[in-house]
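Below is one structure, written out as structure tokens; the observations come after it.
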Amino acid sequence: MESNDKQKRLDNRYLRMARIWAENSYCTRRQVGALVVKDKMIISDGYNGTPSGFENVCEDDQNVTKPYVLHAEANAITKLARSSNNSEGATIYITASPCIECAKLIIQAGIKRVVYGEQYRLTDGIELLQRAGIEVLFIDISNMTK
């Protein structure tokens, strides 16, 4: 039972860290952060934003997110592709539930657990992850202290 409590504490801690990481995002509509953790080590991180070399403006004049803005999960997973690490069997901590496109990346990256802190209006990403046999855990971050 103690290991379950320890995992719960770790999940809460990494999710709080992902929320802090989200503060790096230049997006004004929504800031999302993601951490990939394997063997209790953070092996990658990401937040939503524009691709490298682009201006750090996520929304257009009508406050609509630009189509080329990358989601936090996509940034964390593609960052892994450029490193010597791999995400096989890892856990990804995301401040918001993943969309279906990011869910596909999570599945293909070999990530086995997804812990997220805010429900998104669309649930197709979560449903796809569950269909793939990935453990999905929701922890309400609105109740967490900063």
Side-chain angles (χ1 to χ4, degrees), residues 2-59 65-146:
E2 183 183 298
S3 66
N4 198 10
D5 276 351
K6 186 175 184 181
Q7 186 61 58
K8 190 182 275 189
R9 283 195 308 273
L10 285 171
D11 287 344
N12 280 292
R13 190 171 298 139
Y14 285 126
L15 198 53
R16 286 195 316 270
M17 292 169 72
R19 187 169 64 179
I20 290 166
W21 200 246
E23 295 172 11
N24 288 316
S25 172
Y26 287 91
C27 298
T28 55
R29 288 183 64 214
R30 177 177 233 184
Q31 294 180 313
V32 180
L35 295 177
V36 180
V37 176
K38 186 173 179 178
D39 302 324
K40 296 183 186 168
M41 290 186 302
I42 298 169
I43 60 170
S44 191
D45 54 63
Y47 50 87
N48 57 326
T50 56
S52 299
F54 282 65
E55 74 290 345
N56 287 320
V57 179
C58 298
E59 295 84 11
T65 300
K66 294 177 179 178
Y68 52 85
V69 168
L70 288 154
H71 289 185
E73 308 93 308
N75 265 327
I77 290 168
T78 55
K79 188 184 273 190
L80 270 171
R82 296 176 75 171
S83 76
S84 59
N85 283 318
N86 74 71
S87 51
E88 189 67 40
T91 298
I92 189 166
Y93 295 87
I94 320 161
T95 57
S97 60
C99 70
I100 195 158
E101 294 302 318
C102 288
K104 291 189 281 187
L105 291 175
I106 290 166
I107 293 164
Q108 289 301 96
I111 292 169
K112 294 300 177 210
R113 271 181 96 232
V114 175
V115 180
Y116 68 99
E118 289 174 15
Q119 301 278 12
Y120 186 60
R121 61 183 169 82
L122 300 175
T123 59
D124 52 356
I126 295 297
E127 291 161 9
L128 187 68
L129 291 169
Q130 291 169 333
R131 184 174 164 199
I134 292 173
E135 180 186 344
V136 178
L137 177 63
F138 169 67
I139 299 174
D140 189 351
I141 60 174
S142 65
N143 295 329
M144 286 184 176
T145 55
K146 283 198 174 194

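What's counted below: heavy atoms across the whole structure, side chains too, no hydrogens, waters or symmetry copies.
Atoms CG and NZ, on Asn4 and Lys6 in that order, are 12.5 Å from each other to the nearest 0.5 Å. Interatomic distance, CD of Gln31 versus CZ of Arg19, reported as 12.0 Å (0.5 Å rounding). Rounded to the nearest 0.5 angstrom, Leu105 CG and Ile111 CD1 are separated by 9.0 Å. Atoms CG and CD1, from Asn85 and Ile42 in turn, are 12.0 Å apart once rounded to the nearest 0.5 Å.
Applying the side-chain hydrogen bond (donor to acceptor under 3.5 Å, both in side chains) criterion to Asn48, with sequence neighbours excluded, gives Ser25. Not counting sequence neighbours, Ser83 has no partner by the side-chain hydrogen bond (donor to acceptor under 3.5 Å, both in side chains) test. Remark: Lys79 pairs with Asp45 by the salt bridge (Lys or Arg N to Asp or Glu O under 4.0 Å) rule, at least two apart or across chains. The salt bridge (Lys or Arg N to Asp or Glu O under 4.0 Å) check on Glu59 picks up nothing, with sequence neighbours excluded. The side-chain contact (heavy atoms from CB on, under 4.5 Å) search around Asn12 returns Lys8, Arg16, Ile139, Met144, not counting sequence neighbours. Scored by the side-chain contact (heavy atoms from CB on, under 4.5 Å) test, Ala132 finds Ile107, Ile134 as partners (sequence neighbours excluded). In terms of the side-chain hydrogen bond (donor to acceptor under 3.5 Å, both in side chains) criterion, residue partners of Tyr116 (sequence neighbours excluded) are, by chain and number, Gln119. Arg13 pairs by the salt bridge (Lys or Arg N to Asp or Glu O under 4.0 Å) definition with nothing, not counting sequence neighbours.
Looking at His71 and Val32, their side chains never come closer than 4.5 Å, going by heavy atoms from C-beta outward.
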Taking distance alone, no hydrogens or angles, what donor-acceptor pairs closer than 3.5 Å link side-chain atoms of residues 49-58 to residues at least two apart or in another chain?
| from | atom 1 | to | atom 2 | distance (Å) |
| --- | --- | --- | --- | --- |
| Thr50 | OG1 | Glu55 | O | 2.9 |
| Glu55 | OE2 | Lys66 | NZ | 3.1 |
| Glu55 | OE2 | Tyr68 | OH | 2.8 |

Using residues 91-103 as the side-chain source, report each donor-acceptor pair under 3.5 Å to any protein atom, sequence neighbours left out, with the distance given to one decimal.
| from | atom 1 | to | atom 2 | distance (Å) |
| --- | --- | --- | --- | --- |
| Tyr93 | OH | Asp11 | OD1 | 2.7 |
| Thr95 | OG1 | Gly33 | N | 3.1 |
| Ser97 | OG | Tyr120 | N | 3.0 |
| Glu101 | OE1 | Lys104 | NZ | 3.3 |
| Glu101 | OE2 | Lys104 | NZ | 3.2 |

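Under the side chain to side chain donor-acceptor pair (under 3.5 Å) criterion, the residue pairs touching residues 126-137 are Arg113-Glu135, Thr123-Glu127, with sequence neighbours excluded. Identified under the salt bridge (charged side-chain N to carboxylate O under 4.0 Å, His left out) test for residues 27-39, with sequence neighbours left out: Arg30-Glu118.
For the residue pair Ser142 and Asp140, the shortest heavy atom distance occurs at OG-OD1, 2.5 Å. Taking every heavy atom of both residues into account, Ala109 and Ser87 meet most closely at O-OG, 2.7 Å.
Within the 3.5 Å criterion, the main-chain N or O of Ala76 finds a donor-acceptor partner in the side chain of Ser44.
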